[in-house]
Amino acid sequence: QVQLVESGGGLVQAGGSLRLSCAASGNIFAINAMGWYRQVPGKQRELVARIFTIGSTTYGDSVKGRFTISRDNAKNTVYLQMNSLKPEDTAVYYCNLQAWSLDYWGQGTQVTVSS
């Protein structure tokens, strides 16, 4: 019913940039927010960035000042611009959509930052 398709992951050098995209489709109603989470081995999935319907944003402490989340309402797409990437940013990044307190997830895209 709801599908999230991520793209833009890959391998980059430390200090480089990458942009992730997530397009949502399906039976979507009453969206509260869309965002990005990431997960590495041995750690819980953590918030990277989130953008609410009204346009406000929140960021995880580790990415503030380096990552920027944005959206295109006409295309039902959310973006994550990642700058000044660090090796510790290496993770699987998941797109998230929240509607009526229900969470929908993309399949994830690998981001690897080499030193």
query: Among Ile28, Leu102, Val78, whose side chain to side chain contact (heavy atoms under 4.5 Å, CB included) with Leu97 holds?
result: Ile28
query: Looking at side-chain heavy atoms only, is the closest gap between Leu80 and Val48 below 4.5 Å?
result: yes
query: Val40 versus Thr90: any side-chain heavy-atom pair under 4.5 Å?
result: no
query: Does a sphere of radius 6.0 Å around CD in Gln39 hold more than 12 heavy atoms from other residues, nucleotides or ligands, not counting ones at 6.0 Å or beyond?
result: yes
field: Non-hydrogen atoms of Thr77 and Lys75 that approach each other most closely
entry: OG1-O, 2.9 Å
query: Crowded around Gln44 CD? As in, over 12 foreign heavy atoms under 6.0 Å?
result: no
message: Here's one to test your reading of the geometry: is the NZ or CZ of Arg45 within 45 degrees of the ring axis of Tyr94 and under 6.0 Å from its centre?
response: yes
message: Run Leu85 and Leu18 through side chain to side chain contact (heavy atoms under 4.5 Å, CB included) and show every step you take.
response: CA-CA 8 Å; Leu85 284 163; Leu18 204 63; 4.0 Å; yes
message: Is it the case that the ring center of Trp36 lies less than 6.0 angstrom away from the ring center of Phe67?
response: no
message: For Thr53 versus Ile31, what's the shortest heavy-atom pair and its separation?
response: OG1-O, 2.6 Å
- line: When every non-hydrogen atom of Ala91 is compared with those of Gln110, the smallest separation belongs to O-OE1, 3.3 Å
- prompt: Can you find a heavy atom in the side chain of Leu11 that is under 4.5 Å from one in the side chain of Ser114?
  reply: yes
task: Could you tell me which non-hydrogen atom of Arg66 sits nearest to which non-hydrogen atom of Asp89, and how far apart they are?
output: NH1-OD2, 2.8 Å
Asn32 to Trp100 - nearest heavy-atom pair and separation: ND2-N, 3.3 Å
- request: Mind running side-chain hydrogen bond (donor to acceptor under 3.5 Å, both in side chains) on Ser17 and Asn83 for me, showing each step along the way?
  value: CA-CA 4 Å; Ser17 299; Asn83 298 325; 2.8 Å; yes
task: Give a yes or no on whether Ile51 and Tyr104 share a hydrophobic cluster (residues Ile, Leu, Val, Met, Phe, Trp, Tyr; joining criterion: side-chain heavy atoms under 4.5 Å apart).
output: yes
- prompt: Is the shortest heavy-atom distance from the side chain of Met34 to the side chain of Asn76 under 4.5 Å?
  reply: no
- prompt: Any side-chain heavy-atom pair from Lys86 and Val63 closer than 4.5 angstrom?
  reply: no
- prompt: Is there side-chain contact between Arg19 and Tyr79, with heavy atoms separated by less than 4.5 Å?
  reply: yes
task: Return the minimal non-hydrogen interatomic distance between Cys22 and Leu4, and the atom names on each side.
output: SG-CB, 3.9 Å
Side chain Gln13, main chain Ser115, donor-acceptor under 3.5 Å: yes
- request: Start with the C-alpha gap between Leu20 and Val111, add the side-chain angles, then the distance that decides, and say whether side chain to side chain contact (heavy atoms under 4.5 Å, CB included) holds.
  value: CA-CA 9 Å; Leu20 305 182; Val111 172; 4.1 Å; yes
message: Test your reading of the model: is there a side-chain donor-acceptor pair from Ser62 to the backbone of Gly60, 3.5 Å cut-off?
response: no
task: Mark yes or no for whether Tyr59, through its side chain, and Ile69, through its backbone, hold a donor-acceptor pair below 3.5 Å.
output: yes
field: Donor-acceptor under 3.5 Å (Gln3 side chain, Gly26 main chain)
entry: no
